[in-house]
Amino acid sequence: MKAIVFGVILAALYTGAAPEAAAQMKDHGGMSQKDHGGTGMPMQGAEAHKATGLVNTVDAERGMVNVTHGPIPSLKWPQMTMDFEVADKAMLEGLKPGMKVEFELGKKKAGGYAITSIRQAR
């Protein structure tokens with residue numbers, strides 16, 4: 001985890017985006033959605049943010065998936081690896097490590113983001 005954080009900081013310094021990257025890390029807990037609390041259900045009418053990535057791990061019991069995703073311009077997030085809560089645990093059925101996916105993030109009631117839809121990339 002420390003290596004990932006260091007890599008994000010190093011990339012931000014290299015691109016000149018250090019202040020923005022630091023603010024983004026603060027906004028989403030420095031890599032984990034776990035600390036944002038809430039039920040994982042998206043707010044009604046919340047904007048969805050589209051992304052693609054690679055599934056690393058699936059924890060169906062906790063309703064979590066770890067994804068290495070590309071940049072998410074609508075959130076101004078760089079490429080990184082994160083744990084995401086899913087709005088519905090049933091979305092995790094059929095997901096396997098190594099699978100390329102397309103997904104959408106929506107705001108949770110208590111803040112942070114949860115995956116509101118996910119499917120295998122075409």
Side-chain angles (χ1 to χ4, degrees):
M1 178 72 91
K2 289 180 182 178
I4 294 170
V5 172
F6 181 72
V8 170
I9 293 169
L10 197 58
L13 289 171
Y14 180 76
T15 62
E20 184 176 309
Q24 291 164 7
M25 287 178 64
K26 181 179 178 187
D27 287 346
H28 61 270
M31 301 295 180
S32 177
Q33 295 298 310
K34 180 177 146 186
D35 298 326
H36 288 292
T39 64
M41 299 304 293
M43 289 179 20
Q44 297 229 341
E47 179 184 356
H49 304 278
K50 296 181 181 188
T52 59
L54 184 69
V55 174
N56 298 309
T57 60
V58 177
D59 185 340
E61 187 175 311
R62 290 180 45 227
M64 302 289 288
V65 60
N66 180 280
V67 178
T68 298
H69 65 77
I72 305 176
S74 61
L75 291 171
K76 298 181 183 173
W77 284 4
Q79 175 182 336
M80 67 181 96
T81 300
M82 299 177 66
D83 288 325
F84 287 104
E85 188 174 350
V86 292
D88 180 358
K89 290 181 182 182
M91 287 190 280
L92 297 176
E93 290 179 28
L95 288 184
K96 295 181 179 14
M99 184 180 285
K100 292 181 182 180
V101 293
E102 298 173 345
F103 62 98
E104 291 185 5
L105 299 171
K107 269 251 192 222
K108 296 189 298 185
K109 289 181 182 180
Y113 291 92
I115 292 178
T116 57
S117 73
I118 188 166
R119 64 180 178 158
Q120 188 167 4
R122 296 178 206 174

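Keep in mind that the numbers below use all heavy atoms, side chains included, and drop hydrogens, waters and symmetry copies. Positions are given from 1, in the same order as the sequence printed here. Worth saying up front: this structure is predicted, and the values here are computed from it rather than measured.
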Query - Exercise: identify the closest heavy-atom pair between M91 and I118 - result: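 The pair with the smallest heavy-atom distance is O-CG2, 3.8 Å.
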
Notebook entry, point to check: Which atoms form the tightest heavy-atom contact between A87 and A114, and what is the distance?
Noted result: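 In this case the closest contact between A87 and A114 is N-CB, 4.5 Å.
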
*Does any N or O in the side chain of K89 come within less than 3.5 Å of the main-chain N or O of R62, such that one atom is a donor and the other an acceptor?*
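Checked: no pair found.
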
Once you round to the nearest 0.5 Å, how far does [atom1] of [X] lie from [atom2] of [Y]?
{"X": "M99", "Y": "R119", "atom1": "CE", "atom2": "CZ", "value": "13.0 Å"}
{"X": "D83", "Y": "M64", "atom1": "CG", "atom2": "CE", "value": "4.5 Å"}
{"X": "F103", "Y": "L95", "atom1": "CZ", "atom2": "CG", "value": "11.0 Å"}
{"X": "I115", "Y": "H69", "atom1": "CD1", "atom2": "NE2", "value": "9.0 Å"}
{"X": "Y113", "Y": "K107", "atom1": "OH", "atom2": "NZ", "value": "4.0 Å"}
{"X": "E104", "Y": "I72", "atom1": "CD", "atom2": "CD1", "value": "11.0 Å"}

Residues passing the side-chain contact (heavy atoms from CB on, under 4.5 Å) test with K100, sequence neighbours excluded, are L54, A121

Contacts satisfying side-chain hydrogen bond (donor to acceptor under 3.5 Å, both in side chains) that involve residues 49-58 (not counting sequence neighbours) are H49-S74, N56-N66, N56-T68

Those residues at least two apart in sequence (or on a different chain) that pass side chain to side chain donor-acceptor pair (under 3.5 Å) with Q120 are none

